[in-house]
Structures are given as C-alpha cells and as structure tokens.
Visitor: 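Got a structure for you, written out below as structure tokens; questions coming shortly.
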Amino acid sequence: MPELPEVETVVRTLVPHLTGRRIVEARFDSRFVTPGNRKRLAGRLAGRRIESIQRRGKFIQVALDQGVLTIHLGMTGSLRVAATADAPALTSSHTHGIFTLDPTREPGVLLYNDPRQFGRIEWTPSVSPRVARLGPEPLDISLEDFRRRLKRRARMKALLLNQAFLAGVGNIYADESLYAAGIHPLAIAARLKPERAARLLGALQEILRAAIACGGSSISDYVDAMGEKGWFQVEHRAYGREGEPCKVCGTPIKKILVAQRGTHFCPQCQRR
DNA sequence: ATCGGTACCTGCACGC
DNA sequence: TGCGTGCAGGTACCGA
C-alpha cells in the first residue's frame with residue numbers, strides 16, 4: 001500500500017483530527033507490529049499530548065509532549081479515525097492498535113489495522129534510529145546532491161528502493177519514474193549520463209507531486225485516515241500493466257524481477 | 001562499504 | 001469445489 005504519496009495523504013488527513021489531542025489509552029495486540037513490551041509501549045503513550053504529526057520517508061512521526069511515536073505502515077497497514085472503538089466496519093482481527101483519544105470531541109479513537117503485520121509502531125525518547133538513517137526526501141533533494149548520490153554500482157531500480165538513498169520511494173513510484181525518464185531498471189546508477197539523471201529526478205518529483213494531489217494510489221485496499229481512496233492508480237503507465245501496450249510506443253509492458261521485486265517497464269522506451 | 005538474497009505474515013488469484 | 005502455489009504497496013538481517 002503505502003509509499004511516500006500514500007503516507008503523506010494519511011498524515012494530511014490525520015493532522016486536523018489529532019493535533020493537540022491527548023491519548024487517554026493505547027492498546028496493542030500484535031507481537032510483530034509492536035516488538036518488545038506492548039504493555040510498556042501502551043504505558044508510554046497513556047496521557048501523552050500530540051504536538052504534531054509529520055511524514056519522513058514512509059514513516060509517520062507523531063511528536064508527543066514526551067518522546068516520539070513512530071509508525072510505519074509496512075505493506076498493508078492503515079490508520080483510521082473513528083467516532084468510537086466499536087465501529088464494526090473498521091475493526092477486525094487485523095486491528096492491532098487502538099488509541100483512545102480525549103473525549104472532548106470526535107473522533108474518539110485512532111485505529112491501526114494491518115493484515116500482514118509488516119508495519120511497526122514504536123516509542124522513542126527522540127527521533128527513531130530507523131528514521132535517522134533515511135536518505136534525503138526526494139521532493140527536497142537538489143539535482144547536485146542527487147547526482148552525487150548516484151555514484152554507485154547498484155541497479156537503478158534497486159537503488160530507488162533503497163531508503164538510505166532516497167526516503168519514501170517504493171515499488172510503484174520507482175517503476176513509474178524510471179518509465180517516465182526512459183531508464184532501464186537494470187541500468188547501473190553510476191553510469192547514468194548527467195542529463196538522464198536530471199530527467200529521472202524531474203520525473204520522480206513530478207510523479208510524486210501528482211500522486212499526492214490524487215491522494216495516492218489505491219491498488220487493493222489503501223485508504224487514508226478518513227477512509228477515502230486515492231486515484232493515482234489510473235495514471236500508472238508501467239506498474240501493474242504487464243502485457244498492456246506502452247502508452248507511448250505500443251510495445252507490451254514487460255515484467256521482470258529486480259531485487260526480488262516485480263518490475264514493470266517498456267523494453268522499447270527504456271533501453272539498456 | 002555495498003550489494004543481493006531471504007525471512008517475516010496474511011490474503012487472494014490462479015491453475016489443476 | 002478444493003487445494004497447492006506464487007505473488008502482493010515493506011524493511012531487517014545475513015553472508016559474500
């Protein structure tokens with residue numbers, strides 16, 4: 001589900017409802033999503049005031065009056081606000097976190113759902129080390145810095161997925177930006193010509209901005225904190241289009257495996 | 001230091 | 001209809 005545009009959308013829809021609210025109680029029931037002592041985590045959160053919420057890469061950072069709550073949605077995590085915790089449509093065996101908010105106003109709860117349990121919820125005294133080791137934000141990085149960071153032997157697709165290279169790009173937007181820039185996913189990063197690197201960064205930024213404007217891509221079940229789907233999936237030109245004609249040249253989109261991830265590209269427009 | 005492969009977990013689509 | 005297989009927006013960790 002969630003790459004940079006989806007996480008950004010979730011954060012934007014959470015901000016007006018959660019900023020300034022107090023967490024009365026927190027409950028967790030997955031040993032995967034909340035590794036370590038779940039009860040202690042819940043204890044850390046009880047009574048805390050939410051100062052601000054921001055995205056960094058694919059992470060959601062909730063600044064509290066004491067410490068930081070860091071949430072990663074993994075593949076299938078979702079955060080939803082609801083009036084009460086017994087909203088039957090929003091809770092299931094996959095509801096692994098329930099945050100009860102101060103009863104002064106609605107929404108009364110924040111629910112964390114995650115079928116595959118690849119997501120993570122943690123509390124740290126300050127910025128999480130997992131966030132600290134992220135690379136720059138793709139929407140902020142300068143072309144000069146981007147080019148410097150490309151001086152590596154890795155294949156372009158794998159490098160775009162590397163969160164220490166750039167934070168927030170995932171499988172969809174890696175494929176879409178390489179397609180838009182006409183770069184083969186197996187191209188070696190350090191061998192990219194300067195003008196092609198510029199084209200890639202431009203394409204990546206344009207696509208990420210457009211996707212945020214669309215509320216992200218809803219591939220199967222992604223929704224924002226209000227339950228709204230995104231619609232950028234209708235703009236996908238490579239991802240999920242195996243066998244369908246390239247919108248530019250008509251050649252069937254090909255799917256290969258790169259870094260163990262399904263990788264979609266046009267063999268005509270993206271030559272090695 | 002970098003890179004690629006594997007593991008983690010559940011649900012679903014597909015082929016037989 | 002039922003069952004096995006492979007695949008899915010993610011990251012961490014291991015060994016080369």
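Below, all heavy atoms of this structure are taken into account, side chains as well, without hydrogens, waters or symmetry copies. Order of the sequence lines sets the chain letters (A, B, ...), proteins ahead of strands, with each chain counted from 1.
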Visitor: Going by heavy atoms closer than 4.0 Å, what residues in residues 147-157 of chain A are next to DNA chain B?
Guide: R152(A), R153(A), A154(A), R155(A)
Visitor: How long is the line joining NE2 of H264(A) and C1' of dA8(C), in whole Å?
Guide: 10 Å
Visitor: Assign Y239(A) to base, sugar-phosphate, or nothing according to its heavy-atom contacts below 4.0 angstrom with the strands shown.
Guide: sugar-phosphate
Visitor: Please report, rounded to the nearest Å, how far the P atom of dA8(C) is from the CD1 atom of I172(A).
Guide: 12 Å
Visitor: Please identify each residue that fulfils side-chain contact (heavy atoms from CB on, under 4.5 Å) with E176(A), with sequence neighbours left out.
Guide: I172(A), I207(A), H236(A), R237(A), A238(A), Y239(A)
Visitor: Rounded to whole angstrom units, what separation is found between the CG atom of L79(A) and the P atom of dG10(C)?
Guide: 17 Å
Visitor: Any chance the side chains of T34(A) and E122(A) put a donor and an acceptor closer than 3.5 Å?
Guide: no
Visitor: Please give the stem ranges for DNA chain C, sorted by first residue number, where a stem is three or more consecutive Watson-Crick or G-U pairs and both donor-acceptor distances are under 3.5 Å.
Guide: B:2-8 with C:10-16, B:10-16 with C:2-8
Visitor: When the P atoms of dC9(B) and dC3(C) are compared, how many Å lie between them, rounded to an integer?
Guide: 24 Å
Visitor: Could you list, one pair per line, each protein nitrogen or oxygen that sits under 3.5 Å from a nitrogen or oxygen of nucleotides 12-16 of chain C, together with the distance?
Guide:
from, atom 1, to, atom 2, distance (Å)
dA12(C), OP1, R130(A), NE, 2.9
dA12(C), OP1, R130(A), NH2, 3.4
dA12(C), OP1, R133(A), NH2, 2.9

Visitor: Would one find more than 12 heavy atoms of other residues, nucleotides or ligands at under 6.0 Å from atom CZ of R209(A)?
Guide: yes
Visitor: Using the P atom in both, what is the distance from dT5(C) to dA7(B), to the nearest Å?
Guide: 16 Å
Visitor: Just the table, please: protein N/O against nucleotides 7-11 of chain B N/O, every pair under 3.5 Å.
Guide:
from, atom 1, to, atom 2, distance (Å)
dC9(B), O2, R116(A), NE, 3.0
dC9(B), N3, R116(A), NH2, 3.3
dT10(B), O4', P115(A), O, 3.4
dT10(B), O3', H94(A), NE2, 3.3
dG11(B), OP1, H94(A), NE2, 2.9

Visitor: By the rule that ILVMFWY residues connect when side-chain heavy atoms come within less than 4.5 angstrom, directly or transitively, which residues belong alongside I253(A)?
Guide: Y179(A), V248(A)
Visitor: Holding to side-chain contact (heavy atoms from CB on, under 4.5 Å), I want the full list of residues that pass it with N37(A), two or more places apart in sequence or in another chain.
Guide: K39(A), R40(A)
Visitor: Provide, to the nearest angstrom, the distance between the CG atom belonging to N162(A) and the P atom belonging to dT2(B).
Guide: 10 Å
Visitor: Are N113(A) and S78(A) close enough that a side-chain donor and a side-chain acceptor fall under 3.5 Å?
Guide: no
Visitor: If the condition is side-chain hydrogen bond (donor to acceptor under 3.5 Å, both in side chains), which residues does K157(A) pass it with, not counting sequence neighbours?
Guide: N171(A), D175(A), T263(A)
Visitor: With a cut-off of less than 4.0 Å, is there a side-chain N or O of Q163(A) near OP1 or OP2 of dT11(C)?
Guide: yes
Visitor: L161(A) CG to dG4(B) P: how many Å, rounded?
Guide: 11 Å
Visitor: Has E195(A) got more than 12 heavy atoms of other residues, nucleotides or ligands less than 6.0 Å from its CD?
Guide: yes
Visitor: Rounded to the Å, how far apart are E3(A) CD and dT11(C) C1'?
Guide: 13 Å
Visitor: D29(A): which residues meet the side-chain hydrogen bond (donor to acceptor under 3.5 Å, both in side chains) condition with it, sequence neighbours left out?
Guide: H96(A)
Visitor: Over how many whole Å does the gap from D221(A) atom CG to dG10(C) atom P extend?
Guide: 14 Å
Visitor: Using the test side-chain contact (heavy atoms from CB on, under 4.5 Å), find all partners of F59(A) that sit at least two apart in sequence or belong to another chain.
Guide: T70(A), H72(A), R130(A), V131(A), L134(A)
Visitor: Going through the checks in order, is the side-chain contact (heavy atoms from CB on, under 4.5 Å) test met by L186(A) and M156(A)?
Guide: CA-CA 6 Å; L186(A) 293 176; M156(A) 264 326 302; over 6 Å; no
Visitor: Once side-chain contact (heavy atoms from CB on, under 4.5 Å) is applied, do any residues pair with T9(A), and if so which ones, sequence neighbours excluded?
Guide: Y222(A), D224(A)
Visitor: My understanding is that only residues two or more places apart in sequence, or in another chain, count here; which of them pass salt bridge (Lys or Arg N to Asp or Glu O under 4.0 Å) with R241(A)?
Guide: E244(A)
Visitor: Return the value, rounded to whole Å, for the distance between atom NE2 of H236(A) and atom P of dA8(C).
Guide: 15 Å
Visitor: Under a 4.0 Å N-O cut-off, is there an ion pair linking E137(A) with R55(A)?
Guide: yes
